[in-house]
Protein chains: 2
Amino acid sequence: MTGPGIVELHQRIPFLLSQLGVHIADDFVTRLLPYGVGPRTYAVLMALAADDGQSQRQLSQRLGIHRNAMVAVIDDLEDKGLVARRPHPDDRRAFAVTLTAGGRELLPDLDAQGRAQEDEITASLTAQERAVLLGLLQTISAGLGMSPGVHPKLAEG
Amino acid sequence: MTGPGIVELHQRIPFLLSQLGVHIADDFVTRLLPYGVGPRTYAVLMALAADDGQSQRQLSQRLGIHRNAMVAVIDDLEDKGLVARRPHPDDRRAFAVTLTAGGRELLPDLDAQGRAQEDEITASLTAQERAVLLGLLQTISAGLGMSPGVHPKLAEG
DNA sequence: TATTGTTATACTCTATAACTATA
DNA sequence: TATAGTTATAGAGTATAACAATA
């Protein structure tokens, strides 16, 4: 197929990681679609689940989303009744972005989608292979100095 | 950090694959930039290296790029003197897209960038771990029914 | 009538800068 | 003077449809 000395793309670790990664990201977007949640709103909901009542600036810094873009994300979540902009106790300029009851109820469903996707993707692996893969991916991620839990796609927009 | 029962994102195989995959794809774009080559033009050059003189329609089907978008890709490569539109021997409607001498000379450089990236990404792994990872990724890719060598990002545009 | 390549248009998304209100 | 949030605008990138030439 390819010329002499040119390695096939599907034998390249970076290509496979990129191919799988983009496919998985797209698939996850599709899974979230029925819940009216996108990658950015999902990330905000998860950040609030970990630490509720953060300001938009805190969320921006934590998730790598620009503060201008964060406005539309919170608008969207507020329109869907999943979060509320409450007055910030320490700073009258800022809002305390807070999960509503509806937002909180949605979290287990979103988490279930993540688990379902993981099961599907690793269906062709044994439990042991799954553990090995997880370790190798974590090693690479740490070796590249990537921030745990911060997705590059979010920072782009 | 997260609520009870909610697994951290960096312990999820799909998240890690997506995080690494998108990062790697972005990094590869940066590596190709000095050569004036983007992901789509790169894909076309590789396809021509494997099989020169394909029509735009053949390239479209093989790479998952829409035929309308393919026009701009070939325009770009032609402007840079890397390929030429020659008359197709079998069909007067079609062009035989052909590598020029300059395009052919560029291939080893592009391949070297891929190798360099692979070395960098797997720097924190042993040779054995690298082999294991490659096998696991190929298993997953095949298990998901993905076409070898076809990158989902290309089909999006 | 179907297909190859092309062009034009509209649509989405993103990035940048400028504005307000508080600190 | 600096910061939190907002808004508006321009730019890039993408998708869709319609077109001319040939099969």
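Note on naming: letters A, B, ... go to the chains in the order of the sequence lines (proteins, then strands), and numbering restarts at 1 for each one. Keep in mind that the numbers below use all heavy atoms, side chains included, and drop hydrogens, waters and symmetry copies. Just so it is clear, the model here is predicted, and its values are computed rather than measured.
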| Between D:dG5, C:dA2, C:dA21, which one does the side chain of A:R93 approach most closely? | C:dA21
| What about the rings of B:Y42 and B:Y35, do their centers lie closer together than 6.0 Å? | no
| request: Quickly work out the A:D75 CG to D:dG5 C1' distance and round it to whole Å. | output: 11 Å
| request: Please determine if a side-chain N or O atom of A:R40 lies less than 4.0 Å away from the OP1 or OP2 oxygen of C:dT14. | output: yes
| remark: d(A:R31 CZ, A:Q117 CD) to nearest 0.5 Å is 5.0 Å
| Counting any heavy atom closer than 4.0 Å, what does A:R92 reach on the DNA or RNA strands: base, sugar-phosphate only, or nothing? | sugar-phosphate
| message | By the definition side chain to side chain contact (heavy atoms under 4.5 Å, CB included), identify the one residue from A:L32, A:V83, A:I74, A:V73 that meets it with A:T41. | response | A:V73
| field | Identified side chain to side chain contact (heavy atoms under 4.5 Å, CB included) counterpart of A:L77 within the set A:L99, A:V97, A:L82, A:T100 | value | A:L82
| message | Can you measure B:D90 atom CG to C:dT3 atom C1' for me and round it to whole angstrom units? | response | 15 Å
| field | Nucleotide of D:dT6, C:dT16, C:dG5 approaching B:A94 most closely (side-chain heavy atoms) | value | C:dG5
| Distance in angstrom units between A:E78 CD and D:dG5 P, rounded | 13 Å
| field | Nearest-angstrom distance from the residue atom CZ of B:R67 to C1' of C:dT3 | value | 8 Å
| Choosing from C:dT7, D:dA23, C:dG5, which nucleotide comes nearest the side chain of B:N68? | C:dT7
| said: How many whole angstroms separate atom CG of B:L77 from atom P of C:dG5? | reply: 15 Å
| task | Report yes if at least one side-chain N or O of B:R85 is closer than 4.0 Å to OP1 or OP2 of C:dT4; otherwise report no. | result | no
| Taking atom P of D:dT7 as reference, at what distance in whole Å does atom CE of A:M70 sit? | 16 Å
| query | Of all the choices, C:dG5, C:dT16, D:dT6, which nucleotide is nearest to the side chain of A:F95 once you look at every atom? | reply | D:dT6
| Separation of A:I65 CD1 from A:Q56 CD (nearest 0.5 Å) | 11.0 Å
| query | Atom CD of A:Q56 to atom C1' of C:dA21: distance rounded to whole Å? | reply | 14 Å
| query | In whole angstroms, how far is the C1' atom of C:dT6 from the CD1 atom of B:I74? | reply | 13 Å
| said: Taking the minimum atom-to-atom distance to the side chain of A:D91, which one of C:dA23, C:dT14, D:dT6 wins? | reply: C:dA23
